[in-house]
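What you are looking at is a predicted structure, and each value in this text was computed from that prediction instead of being measured. We number each residue from 1, following the sequence as shown.
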Amino acid sequence: MKLLVLATDYPKQNESVALMYIHTRNKYYVQNGFDVTVINFRARMNYLIDGVKVITLREYQTNQNKYDILISHAPNIRNHFLFLNKYSKNFSDIVFFFHGHEVLKISDTYPEPYGYMKKIALFSLIIQELYDSFKLRLWNNYLRKILNNAHFIFVSKWMHDMFIKYVQLDPNVIKSKSHIIYNSVGKNFEKYDYDTSSEKEFDFITIRNNLDDSKYSIDIVSKIANSNSNYKFCVIGKGQFFQNNEKPNNLIWIDKNLRHDEVISYLNKSKCALMPTRTDAQGVMACEMATFGIPLITSDIEVCKEVFTDFENIGFIDNEEIELDITPIYEKLLSKSEITKRKKYFAEYTIGKEIELFKKINIT
């Protein structure tokens, strides 16, 4: 089966790791016998990576080869919509993957930026508000027109519900075309298990790529550290948060972003992961930690309750609690003698479901 995948950007060997979650899927497709070609809208030349052919938009425009299914990941207006509007007639089936912001009204679903980011963000927020209104009307009109050829994959039920709310397609009309399939975790988190016997340097660890995005709640982590001075906290990630906010004495900040193997090393040095969030479509990093087996504390919000159903090593906190005593939930999690490794987010049960859907679509 031949798949054409649309991506705003794409990884390059030993260079960019942009949108790696798309490449993770594509590698799995190739391993299972699919012929995968990606249009990287930012590419200036064709290249091959891990058996996946990556081409420029011009290459497609020149040859317009035939494909069984077109796949659009996190579709935007500038690239995906313009391509679809011009070339969708070339495809009998189009699969849309919705990962987050592309079908959300940001001002409604994302928290306010931190104070030190507001001056930078004010103009952007105004532009974002206008853009969101435009994009949601555009997708509503377009998707209704091509509904017979369209299939929708959402990375959580929460993401599906937000799509219905903002794009405003009738859920009864698109029910047979809607599928909830979670993102998979990295291979290392499938392969390895949390080492309970290793020496622990930290009580709590938080790992985020961007500390300045308020949805990742580093302010909540800092508040918890201040209220629980008898524990040692570690925050890893890049950003200006601790340059603009006083860092608790019992919190160590490591100013870097980690590879997957480094993440596992730091998790094994820690007794518990602390990953509060104000909003997320799924929260893949937290899912990786939970799959790995480390005790994990996250926020008592709808999407977190959904994605961690059946996980034994999860505790929930109220984001709004002013002075949270973390001890009861921490001790309860650490008292569990043996945790069953959950395979919910293994590639076999996530990307494997996507493959099943593609085969079904191709037959019909």
Under a 4.0 Å N-O cut-off, is there an ion pair linking Lys2 with Asp68? no
Is there a continuous path of hydrophobic side-chain contacts, each under 4.5 Å between heavy atoms, that joins Leu6 to Val155? yes
Between CG on residue Leu251 and OG on residue Ser229, distance to nearest 0.5 Å: 12.5 Å
Of all heavy-atom pairs between Tyr114 and Ile218, which one has the smallest distance, and what is that distance? OH-N, 3.2 Å
Step-by-step side-chain hydrogen bond (donor to acceptor under 3.5 Å, both in side chains) determination, Tyr110 to Ser214: CA-CA 8 Å; Tyr110 281 49; Ser214 60; over 6 Å; no
When every non-hydrogen atom of Leu19 is compared with those of Asp9, the smallest separation belongs to CD1-O, 3.3 Å
Please assess Gln282 against Asn183 for the test side-chain hydrogen bond (donor to acceptor under 3.5 Å, both in side chains), listing each intermediate value before the final yes or no. CA-CA 8 Å; Gln282 178 182 342; Asn183 288 301; 3.1 Å; yes
Ion pair present between Arg278 and Asp219, side-chain N to carboxylate O less than 4.0 angstrom? yes
Are Phe292 and Tyr192 close enough, and set up right, to give a ring-ring contact (aromatic ring centres under 6.0 Å, His included), and what steps lead you there? CA-CA 7 Å; Phe292 182 57; Tyr192 299 110; 7.9 Å; no
Check this for me: does any side-chain nitrogen of one of Glu190 and Lys187 sit under 4.0 Å from a carboxylate oxygen of the other? yes
Fit a plane to each ring of Tyr116 and Phe241, take the angle between them on a 0 to 90° scale, and name the class: parallel (under 30°), tilted (30 to 60°) or perpendicular (over 60°). perpendicular
Hydrophobic cluster identity match, Phe34 and Leu70, side-chain contacts under 4.5 Å: no
So does Asp255 pair up with Lys238, basic N to acidic O under 4.0 Å? yes
For Glu354, is there an ion pair with Arg25 - N to carboxylate O distance below 4.0 angstrom? yes
Hey, would you say the His99 and His73 ring centroids sit under 6.0 Å apart? yes
Cluster link Leu334 to Phe316, ILVMFWY, side chain under 4.5 Å: no
Is a salt bridge present between Lys105 and Asp132, judged by a nitrogen-to-oxygen distance below 4.0 Å? no
Is it true that Asp35 and Lys53 make a salt bridge, defined as a side-chain N closer than 4.0 Å to a carboxylate O? yes
Between Phe154 and Phe98, what is the ring plane arrangement, given parallel below 30°, perpendicular above 60°, and tilted in between? parallel
For Ser156 versus Val303, what's the shortest heavy-atom pair and its separation? OG-CG2, 4.1 Å
Centroid-centroid distance, His23 to Tyr10, less than 6.0 Å: yes
Gap between atom CE of Met275 and atom OG of Ser299 - 0.5 Å precision: 10.0 Å
Does this structure show an ion pair linking Lys305 with Asp300, if we count only N-O contacts that are shorter than 4.0 Å? yes
Are Met20 and Met289 linked, directly or through intermediate hydrophobic residues, by side-chain heavy-atom contacts shorter than 4.5 Å (ILVMFWY only)? no
Pi-cation contact, Tyr131 with Lys135 (under 6.0 Å, within 45°): no
Rounded to the nearest 0.5 Å, what separates atom CZ in Arg137 from atom OH in Tyr166? 15.5 Å
May I ask you to decide whether Glu262 forms a salt bridge with Arg259, counting only side-chain N to carboxylate O separations under 4.0 Å? yes
Using the benzene-type ring in the case of Trp, are the ring centres of Phe83 and Tyr60 under 6.0 Å apart? yes
Sub-6.0 Å ring centroid separation between Phe189 and His260: yes
Between Glu129 and Ser107, which heavy-atom pair has the shortest distance, and what is it? OE1-OG, 2.7 Å
Answer with yes or no whether the hydrophobic clustering places Phe233 together with Leu211; edges join I, L, V, M, F, W, Y residues whose side-chain heavy atoms lie under 4.5 Å apart. yes
Between Ala281 and Met159 the two heavy atoms that sit nearest each other are CB-SD, 3.8 Å
Which of these passes side-chain hydrogen bond (donor to acceptor under 3.5 Å, both in side chains) with Glu59: Thr56, Asn63, Thr62? Asn63
Would you call the rings of Phe202 and Tyr266 parallel, tilted or perpendicular if under 30° counts as parallel and over 60° as perpendicular? parallel
Is Lys223 paired with Glu323 through a side-chain N to carboxylate O contact shorter than 4.0 Å? no
Closest approach of Asp195 and Ser197, non-hydrogen atoms and distance? OD1-OG, 2.7 Å
With a cut-off of under 6.0 Å to the ring centre and 45° to the axis, is Lys344 in cation-pi contact with Tyr349? no
May I ask you to check whether Phe81 and Trp139 place their ring centers less than 6.0 Å from one another? yes
